[in-house]
Amino acid sequence: MADEQSLPSIRQRRLVISANVAAQILIAVALFGMVNWLASRHHHRFDWTQSRYYQLADKTKQALAALSQPLDVVVFIPAASEVEYIQKVLQDVRDLLREFQTYGGDKLRVEYVDPQRDLARARALVEKYKLDSPDVVIFAAGDRHKYVRLDEMVELESTGFGPMGGGQRVKAFKGEGEFLAAIQNVTGGTPPKVYFLTGHGERDPQDFDRQQGYSTLAQYIKRDNIVIASWNLLEQQRMPEDAAAIIIAGPRTPFSKGEVAELDKYLKNRGRVLLLLDARKDVGLQPLLDQWGVQLGQDLVVASGGRLLGTELMLVEAIGAEYAAHPVVAKLDRINTVFPYARTVRRWPRDGQPATPDAPQVTELVRTPPAFWAETNPDPEALEFNAGSDERGPLSLAVAVETSRPAGVDLTLGTTRLVVVGTSAFVDNSTLPGAPGNLDFFMNALNWLLQRDQLLAVAPKVPQEFSLSMTPNQTRAVYFLTIGGMPLVVAI
């Protein structure tokens, strides 16, 4: 009888225990769900690398968080390239874009396309974006796009290994700065409009001539989402009101006094001008440049190219090898530029001469090696160095001018900016293909004039290599801890 009376109590205790277990399971599941819900909305990422290799700059985070429209990123790089450093770069791009998605959210859409495998999609991208290389990352927002080439993302150095000792490895990864500039380029406001002046025999951006044309350069300018137009100053009798910058490329006939007066007025009203002035052509702009501390040399920069069959050969393609600390040439360290048939362009007054406090800031951007000299003899058959009239290198080939910012003046009004280069041939259709540094120089100068240089100062990431030496006992301890210890902790 007692046993029969104890059965309900046992069942009751079992029901209570079961209910407690079920309640604990439900509570555990609820807590697990709540923790994951909170973690998905309030999380923090840590970069444990010593150099903070994966940590984004604050300006990058701000730009990604401020996206107001969808931004498509297409990684158009072969996934199975035989070049070792390309695999390293592709992995860095993946890691970087993963961090970008953390701050860009749903508005940042990333797609990976292997041009060697997905042929249909690859052809569609080439046709849509007019790609000339399979190693690019494309950024597109609305009807604007820009792509970053693989060689723009990295700085390489030779390893001394590989075929013919020509192996290369990644010295620094510059992807964050290049990607940030591309994002700002396609998501910014109205594209700036740049005018090429005409009427004096200047270079034409619509000219497809293989030697003198500027059509290749025009493609790169448009790729940076810059609108190109032409303007005949003598015909219009005024400067364009919507000009973000003016380009004067290789004029062959002099400017009239009225045109010089309009250029002077434009510059003094915080104008932006890129002057490409060929050697031994006086187009009447020196009096204007005197006001801005710039002197054009009446010379031709040359160097001895050795002897052939008893004839002295002259090198008329000046090499730019030394660069100033300036945004225009900040990315050209250890990269040569080529300036065919160039004249010297100097700061004036030179060092040691007095200058007023409000004088424009003039920087000599690029200099030749010492082997070059400024030849003043106009006879092309008598090019040789004469100590009395010629000047030995290094010689300045280009300058950048910016007006000072007086205290108490609103900086948002902008300043006058001027870049003067001693040749227009360095970016024509014949020179650009063999001198990629020239394109970087020109586009950096143009973007500096347009005041687009403020977002390019994201430091490259330098990968750090290290080795770990362990004794056999330490290796076994790590092995057993990884294979047995970690699963045991999870089981407990």
Does V113 offer a backbone N or O that forms a donor-acceptor pair with the side chain of D118 under 3.5 Å? no
Looking at R121 and E111, is there a salt bridge between them, counting it only when a charged N and a carboxylate O are closer than 4.0 Å? yes
Counting neighbours of CG on D106 that are heavy atoms of other residues, nucleotides or ligands and sit closer than 6.0 Å, is the number greater than 12? no
Assign the ring pair F442 / F426 to parallel, tilted or perpendicular, where the plane angle (0 to 90°) is split at 30° and 60°. tilted
Nearest-0.5 Å distance that lies between atom CG in D207 and atom CG in D428: 10.0 Å
Quick one, V421 with V399, criterion side chain to side chain contact (heavy atoms under 4.5 Å, CB included). Give me CA distance, side-chain angles, the key distance, then yes/no. CA-CA 7 Å; V421 184; V399 300; over 6 Å; no
Quick one: does T368's side chain have a donor or acceptor within less than 3.5 Å of a partner on A318's backbone? no
Take atom CZ of R117 as the centre, draw a 6.0 Å sphere, and report whether it contains more than 12 heavy atoms from other residues, nucleotides or ligands. no
Enumerate the residue pairs fulfilling ring pair (Phe, Tyr, Trp, His ring centres under 6.0 Å) with a member in residues 206-242, sequence neighbours excluded, ordered by first and then second residue. Y195-W231
When you compare the side chains of N429 and S215, does any donor N or O come within less than 3.5 Å of an acceptor on the partner? yes
Without hydrogens or angle criteria, can the side chains of S424 and D278 be said to hold a donor-acceptor pair below 3.5 Å? yes
Can you find a heavy atom in the side chain of L276 that is under 4.5 Å from one in the side chain of I248? no
Rounded to the nearest 0.5 Å, how far does CD of Q291 lie from CG of L418? 11.5 Å
Regarding T337 and Y323, do their side chains bring together a donor and an acceptor under 3.5 Å, going by distance alone? yes
Answer yes or no: is there a donor N or O on one side and an acceptor on the other, between the side chain of T423 and the main chain of P340, under 3.5 Å? yes
So for atom CZ, which belongs to R149, do other residues, nucleotides or ligands contribute more than 12 heavy atoms lying within a distance under 6.0 Å? yes
Would V338 and I319 count as a side chain to side chain contact (heavy atoms under 4.5 Å, CB included) if you check the C-alpha gap in whole Å, the side-chain angles of each, and the deciding distance to 0.1 Å? CA-CA 5 Å; V338 180; I319 305 299; 4.2 Å; yes
Quick check against the 3.5 Å criterion: does D299 have a side-chain atom that pairs as donor or acceptor with the backbone of R343? no
Measure the spacing between CG of L197 and CG of L263 and express it to the nearest 0.5 Å. 6.5 Å
Are the side chains of K222 and I226 in contact, using a 4.5 Å heavy-atom criterion? no
Distance-only donor-acceptor check, side chains D290 and Q286, under 3.5 Å: yes
For a side chain to side chain contact (heavy atoms under 4.5 Å, CB included) with V329, tell me which candidate from N444, L365, T363 qualifies. L365
Does the E364 side chain pair with the main chain of R347, one donor and one acceptor, at a distance under 3.5 Å? yes
Are the side chains of Y147 and F139 in contact, using a 4.5 Å heavy-atom criterion? no
So do the side chains of E262 and L233 get within less than 4.5 Å of each other, counting heavy atoms only? yes
Have R272 and Q451 got a donor and an acceptor in their side chains that come within less than 3.5 Å? yes
Roughly how far apart are K174 NZ and D151 CG, rounded to 0.5 Å? 8.5 Å
Are E402 and T416 packed together at the side-chain level, in the sense that at least one heavy-atom pair is separated by less than 4.5 angstrom? no
Nearest heavy atoms of K281 and P251, plus distance in Å: CD-O, 4.0 Å
Could you tell me if the side chain of L450 sits less than 4.5 Å from the side chain of V194, heavy atoms only? yes
Is any side-chain heavy atom of T216 closer than 4.5 Å to a side-chain heavy atom of V427? no
Quiz item: cation-pi between R203 and F196, 6.0 Å / 45°: no
Looking at CZ of R367 and CG of L395, how far apart are the two atoms once the value is rounded to the nearest 0.5 Å? 8.0 Å
Tell me, with the steps shown, if F441 and F339 meet ring-ring contact (aromatic ring centres under 6.0 Å, His included). CA-CA 11 Å; F441 181 93; F339 298 85; 5.7 Å; yes
Looking only at atom types and distance, does a side-chain atom of R270 sit under 3.5 Å from a main-chain N or O of T415, one as donor and one as acceptor? no
State whether the number of non-hydrogen atoms from other residues, nucleotides or ligands found under 6.0 Å of Y129 atom OH is greater than 12. yes
State, with a plain yes or no, whether a side-chain heavy atom of L131 is found less than 4.5 Å away from one of V136. yes
Answer with yes or no after comparing the ring centroid distance for F255 and H200 against a 6.0 Å cut-off, counting only values under it. yes
Are any side-chain N or O atoms of S396 and backbone N or O atoms of V345, one a donor and one an acceptor, separated by less than 3.5 Å? yes
Crowding at CD, E127 (>12 non-hydrogen neighbours, <6.0 Å): no
Mind checking the CD1-CG spacing from I247 to L217? Nearest 0.5 Å is all I need. 7.0 Å
Of all the heavy-atom pairs spanning L332 and G437, show the shortest one and how long it is. CD2-O, 4.0 Å
Using distance alone, with no hydrogens and no angle criterion, decide if D95 and Q91 have a side-chain donor and acceptor under 3.5 Å apart. yes
Would the number of heavy atoms belonging to other residues, nucleotides or ligands and lying under 6.0 Å from NZ of K107 be above 12? no
Can you see which heavy atom on A303 is nearest to which on W373, and at what distance? CA-CZ3, 3.9 Å
Pairing donors with acceptors under 3.5 angstrom, does anything connect the side chains of E176 and T60? yes
Which atoms form the tightest heavy-atom contact between A374 and T344, and what is the distance? CB-CG2, 4.0 Å
Look only at the side chain of N232 and the backbone of L234, and say whether a donor-acceptor pair between them is shorter than 3.5 Å. yes
Under 3.5 Å, side chain of N269 to main-chain N/O of G271, donor-acceptor pair present? no
Do you know which two heavy atoms are closest between Y266 and A243, and how far apart they sit? OH-O, 3.8 Å
Using atom types as modelled and distance alone, determine if a side-chain donor or acceptor of N447 lies under 3.5 Å from a backbone N or O of M443. yes
What pair of heavy atoms forms the shortest contact from L150 to Y85, and how long is it? CD2-CE1, 3.7 Å
